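Numbers here simply count residues along the sequence, with the first being 1. Only a predicted model underlies this, so the values are computations on that prediction, with no experimental measurement involved.
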Amino acid sequence: MKTLPVMISDDSVLVAATEQLSSSVSEEIVILNLKSGAYYGLNATGSRIWDLIQEPKSVRDIRDILLKEYDVDADVCESALYSLLKELSISGLVEVRNEAPA
């Protein structure tokens, strides 16, 4: 069962949902959503993002880490990151915590 998309911003904090199981297969990650029974697969870059959100982390921090680790244009990185995070959120694989502005 898919959930409605949640607004995700640079200040949003994401963490892997508790009702999932994941396992490394080569350089990829396979994730089972325990609620829906659906399986998902992430490539090597997606797997790195999945590793990063095993502990709560802001979108800004995730983006900054990826920009340091990969030779990628900042706009391309941000676009791909937001796209993946939106899909993970819709699939119920991550919790999104939108922090209130100070």
Closest approach of Gly92 to Ala17 (non-hydrogen atoms, all atoms of both residues): O-CB, 3.5 Å

Minimum-distance pair of heavy atoms, taken over all atoms of Gln20 and Leu93: CB-CD2, 4.2 Å

Check: Leu42 and Leu84 side chains under 4.5 Å, non-hydrogen atoms: yes

Joint hydrophobic cluster, Leu21 plus Val25, side-chain heavy atoms closer than 4.5 Å: yes

Student check: side-chain heavy atoms of Tyr70 and Arg48 closer than 4.5 Å: yes

Separation between CE of Met7 and NZ of Lys86, rounded to the nearest 0.5 Å: 9.5 Å

Closest heavy-atom pair and its distance - Asn33, Ser91: ND2-O, 2.8 Å

Side-chain donor or acceptor of Ser36 paired with backbone N/O of Ala38 under 3.5 Å: yes

More than 12 heavy atoms from other groups under 6.0 Å of CD on Glu27: no

Linked, directly or transitively: Ile29 and Leu52 (ILVMFWY side chains, under 4.5 Å): yes

Exam field: side chain Ser12 to backbone Ser9, donor-acceptor pair closer than 3.5 Å: yes

Leu88 reachable from Ile65 in the ILVMFWY side-chain graph, under 4.5 Å edges: yes

CD-CZ distance between Glu78 and Arg60, expressed to the nearest 0.5 angstrom: 9.5 Å

Among Leu81, Ile53, Val96, the one residue meeting side-chain contact (heavy atoms from CB on, under 4.5 Å) with Val59: Leu81

Tyr82 side chain vs Asp10 backbone, donor-acceptor pair below 3.5 Å: yes

Joint cluster assignment, Ile90 & Tyr39, ILVMFWY side-chain distance < 4.5 Å: no

Distance (rounded to the nearest 0.5 Å) between Cys77 SG and Asp64 CG: 9.0 Å

Side-chain donor/acceptor of Ser23 to backbone N/O of Val30, under 3.5 Å: no

Heavy-atom check, side chain of Leu85 versus side chain of Ile49, under 4.5 Å: yes

Same apolar cluster: Leu67 and Leu14, side chain cutoff 4.5 Å: yes

Any Ser22 side-chain heavy atom under 4.5 Å of Trp50 side chain: yes

Glu55 CD: over 12 foreign heavy atoms closer than 6.0 Å: no

Closest approach of Thr45 to Asn43 (non-hydrogen atoms, all atoms of both residues): N-OD1, 3.1 Å

